[in-house]
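Each remark here refers to the structure printed beneath this line.
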Amino acid sequence: MHTMEQQLMTSELENKLKEFKLYSQEGKGKQAKVIAHYFLANMDWYVLEGNKEGEDFRFFGITDFHNDFGPEYGYFMLSDLKGTFNMPVIINGKQTTLPVMIERDEYWEEKSVDECEIF
């Protein structure tokens with residue numbers, strides 16, 4: 001069975017980050033490559049670059065929570081994406097919560113920010 005860390009970080013992605021270290025795509029704008037995508041319900045994290053920091057990874061990318069603020073560039077940690085979150089749902093007319101986890105898009109193929117149509 002895989003651990004959460006194995007699901008969120010693969011050796012393939014870790015190797016890809018050697019090519020896409022922090023600041024490696026600076027100035028490329030919407031031509032920068034998105035190398036990974038994480039998601040949970042209507043929240044998305046798009047990874048453009050990253051560095052390993054101890055047992056964690058610092059990513060630079062785009063977060064899009066599909067709210068009034070719109071998508072934003074910024075930094076986030078792999079550890080920020082770990083864990084279980086309680087999502088409010090309505091089941092049989094009653095509000096409750098279900099435990100959910102952020103997932104990595106296993107079928108993601110590298111493409112430019114522009115091709116992702118995030119903005």
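Counting from 1, the numbers follow the sequence of the chain as shown. Everything quoted here is computed from the prediction, not taken from an experiment.
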For D56, enumerate each residue passing the side chain to side chain donor-acceptor pair (under 3.5 Å) test, keeping only those at least two apart in sequence or located in another chain. S79
Connected-component partners of M77 among ILVMFWY, side-chain separation under 4.5 Å: none
My understanding is that only residues two or more places apart in sequence, or in another chain, count here; which of them pass side-chain contact (heavy atoms from CB on, under 4.5 Å) with P99? T84, N86
Can you name the residues that form a side-chain contact (heavy atoms from CB on, under 4.5 Å) with L98, not counting sequence neighbours? V89, I91
Which pairs pass side chain to side chain donor-acceptor pair (under 3.5 Å) with one or both residues in residues 64-74, sequence neighbours excluded? D44-H66
Please list every donor-acceptor pair under 3.5 Å in which a side-chain atom of residues 112-119 meets a protein atom from a residue at least two apart or in another chain.
| residue | atom | partner | partner atom | Å |
| --- | --- | --- | --- | --- |
| S112 | OG | E115 | N | 3.1 |
| S112 | OG | E115 | OE1 | 3.3 |
| E115 | OE1 | S112 | N | 2.8 |

Who are the ring-ring contact (aromatic ring centres under 6.0 Å, His included) partners of Y23, not counting sequence neighbours? none
Partners passing ring-ring contact (aromatic ring centres under 6.0 Å, His included) against F20 (at least two apart in sequence or in another chain): none
Output all residues satisfying side-chain contact (heavy atoms from CB on, under 4.5 Å) with K21, sequence neighbours left out; order by chain, then residue number. N51
Non-neighbouring partners of K18 that pass side chain to side chain donor-acceptor pair (under 3.5 Å), sequence neighbours left out: N15
Test of understanding: with side chain to side chain donor-acceptor pair (under 3.5 Å), list the residues that count as partners of D105, not counting sequence neighbours. H37
Partners of K16 by side chain to side chain donor-acceptor pair (under 3.5 Å), sequence neighbours excluded? E110
